[in-house]
Amino acid sequence: MAKKKAAKQNAPKKKEEASSHLPEDILAKLQATKKELLKEEQQREEEREAQRVFERQQREKNLSFEELLERHGDKGNKY
């Protein structure tokens with residue numbers, strides 16, 4: 001049993017050592033690519049959110065007075 005536990009504990013160290021064997025220039029390129037992909041994903045998410053807001057505003061523009069009154073009731077401002 002003790003041998004199996006020791007083998008399991010040594011396994012994660014081997015993975016760390018394997019990743020550190022990459023040349024520094026390749027590792028730097030991979031990290032730069034990862035940062036770029038994260039920025040692109042964040043930008044796409046912001047664009048999707050802006051599109052949702054725009055579409056919601058367009059739907060509200062097209063609501064009739066009756067639909068607006070049902071939705072908001074007397075909660076609106078006086079002016």
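- Taking a cutoff of 4.0 Å between a charged side-chain nitrogen and a carboxylate oxygen, E41 and R44 qualify as a salt bridge.
- Under the side chain to side chain contact (heavy atoms under 4.5 Å, CB included) criterion, R52 pairs with E45, R48, E49, sequence neighbours left out.
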- In sequence, state the C-alpha distance, the side-chain angles, and the governing distance for E66 and E70, and then conclude on side-chain contact (heavy atoms from CB on, under 4.5 Å). CA-CA 6 Å; E66 183 180 355; E70 286 177 11; 3.6 Å; yes
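- E40 pairs by the salt bridge (Lys or Arg N to Asp or Glu O under 4.0 Å) definition with nothing, not counting sequence neighbours.
- A search for side-chain hydrogen bond (donor to acceptor under 3.5 Å, both in side chains) contacts involving E36 returns nothing, not counting sequence neighbours.
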Could you list the donor-acceptor pairs under 3.5 angstrom formed between side-chain atoms of residues 53-62 and any protein atom two or more places apart in sequence or on another chain?
from: E55; atom 1: OE2; to: Q51; atom 2: NE2; distance (Å): 3.0
from: N62; atom 1: ND2; to: Q58; atom 2: O; distance (Å): 3.2

Return a table of donor-acceptor pairs under 3.5 angstrom between the side chains of residues 22-35 and protein atoms on other chains or two or more places apart.
from: T33; atom 1: OG1; to: K29; atom 2: O; distance (Å): 2.8

